[in-house]
Amino acid sequence: MILLDGKTTSENIRKELGEAIQLRKSKGMKIPHLVAILVGNDGGSKTYVEAKVKACEQIGFESSLIRYDETISEKELLDKVHSLNIDDDIDGFIVQLPLPKHIDEMKVTEAIDPKKDVDGFHPMNLGNMVLNLPGFLPATPAGIIELLKRYKIETEGKNCVVIGRSNIVGMPLSIMLARNTNPGNCTVTLTHSKTKNIKEICRNADILIAAIGKPDFVTADMVKNGAVVIDVGTTRVEDPTKLSGWKLKGDVKFDEVAEKCSYITPVPGGVGPMTIASLMINTLRAMELKGI
Ligand code: GUN
């Protein structure tokens with residue numbers, strides 16, 4: 001079994017991006033500026049957003065974190081989105097999800113200028129993704145694809161089963177893996193809460209991707225010998241042995257599944273760091289596409 005080390009892979013990508021930024025700086029060119037908007041105090045969202053801002057600093061990007069109380073109105077948030085859309089200094093921005101219940105996430109996502117939508121969540125970018133046209137790919141699926149590419153994992157003609165049909169991961173990833181691209185050209189089955197015989201379907205997977213946010217959902221009896229297993233789960237569970245009192249848990253029962261796999265991602269240190277690397281790649285591209 002080979003561990004798909006997202007942490008090291010993302011560090012390599014960050015190094016490559018850092019070099020590109022140094023080169024731009026040495027020529028007196030603009031450096032990318034990413035803005036992250038965080039609404040409320042959810043611990044998980046705060047951790048992710050802070051990691052994104054830290055990655056920017058490490059690479060040499062400019063970054064800004066805008067925080068709002070969870071009582072912010074939808075209009076106030078939309079006004080901020082509109083002002084970021086027209087701010088020439090900002091190359092890309094993200095609104096961390098989920099948002100409080102009184103705010104319509106789709107309305108906010110649709111308000112973002114697709115050219116600055118470095119999360120790749122805008123319907124225009126998702127449409128381009130489906131048609132294999134240029135646009136921003138959603139960060140987590142793009143990170144998974146990059147991980148498969150860098151480990152030279154063959155995907156063509158493979159049976160791929162995705163568990164979970166979220167707009168952020170499962171749905172776009174199932175499409176990306178089915179496209180006529182490399183990595184891609186898989187025969188994809190997208191499973192979800194209404195799927196019958198899910199265990200049986202998973203057992204047929206050469207590549208199994210778990211993205212449902214249910215700790216330990218994938219057990220050894222659901223995995224074919226030699227399968228590639230990608231764990232997108234990052235649920236916080238209590239852990240009194242940790243200083244923070246919690247740890248991250250994936251959707252895959254790692255200890256029993258790992259021994260059956262050819263490749264597997266750990267949690268943490270697998271998909272998570274790759275998401276951040278993809279966001280950085282998208283942000284640099286957003287700036288380059290402006291022709292500056
Ligand atoms: N919430 C969970 N993952 C993501 C992500 O990649 N981007 C944003 N904006 N919110 C998220």
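Quick caveat, the model's predicted, so the values are computed rather than measured. Both ligands and their constituent atoms are indexed starting at 1 by order of listing.
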Return all side-chain donor-acceptor pairs below 3.5 angstrom for residues 209-219, not counting sequence neighbours, or 'none' if the list is empty.
{"residue": "D216", "atom": "OD1", "partner": "K249", "partner atom": "NZ", "Å": "3.2"}
{"residue": "D216", "atom": "OD2", "partner": "K249", "partner atom": "NZ", "Å": "3.3"}
{"residue": "T219", "atom": "OG1", "partner": "D221", "partner atom": "OD1", "Å": "2.5"}

Same hydrophobic cluster for I94 and L38, using side-chain heavy-atom links shorter than 4.5 Å among ILVMFWY?
no
Would you say I175 ends up clustered with V271 if hydrophobic residues are merged whenever their side chains have heavy atoms under 4.5 Å apart, either directly or through other cluster members?
yes
Criterion side-chain hydrogen bond (donor to acceptor under 3.5 Å, both in side chains) against N125, the qualifying member of N282, D119, D117, T109
D117
When every non-hydrogen atom of P172 is compared with those of P141, the smallest separation belongs to CG-CG, 4.0 Å
If two hydrophobic side chains count as joined below 4.5 Å and joins carry through other members, does L147 share a cluster with I207?
yes
So what's ligand 1 close to, N/O to N/O, under 3.5 Å?
{"residue": "ligand 1", "atom": "1 (N)", "partner": "Q96", "partner atom": "NE2", "Å": "3.3"}
{"residue": "ligand 1", "atom": "1 (N)", "partner": "L97", "partner atom": "O", "Å": "2.9"}
{"residue": "ligand 1", "atom": "7 (N)", "partner": "D119", "partner atom": "OD1", "Å": "3.2"}
{"residue": "ligand 1", "atom": "7 (N)", "partner": "D119", "partner atom": "OD2", "Å": "3.2"}
{"residue": "ligand 1", "atom": "9 (N)", "partner": "V95", "partner atom": "O", "Å": "2.9"}
{"residue": "ligand 1", "atom": "9 (N)", "partner": "D119", "partner atom": "OD2", "Å": "2.6"}
{"residue": "ligand 1", "atom": "10 (N)", "partner": "Q96", "partner atom": "NE2", "Å": "3.4"}
{"residue": "ligand 1", "atom": "10 (N)", "partner": "L97", "partner atom": "N", "Å": "2.9"}

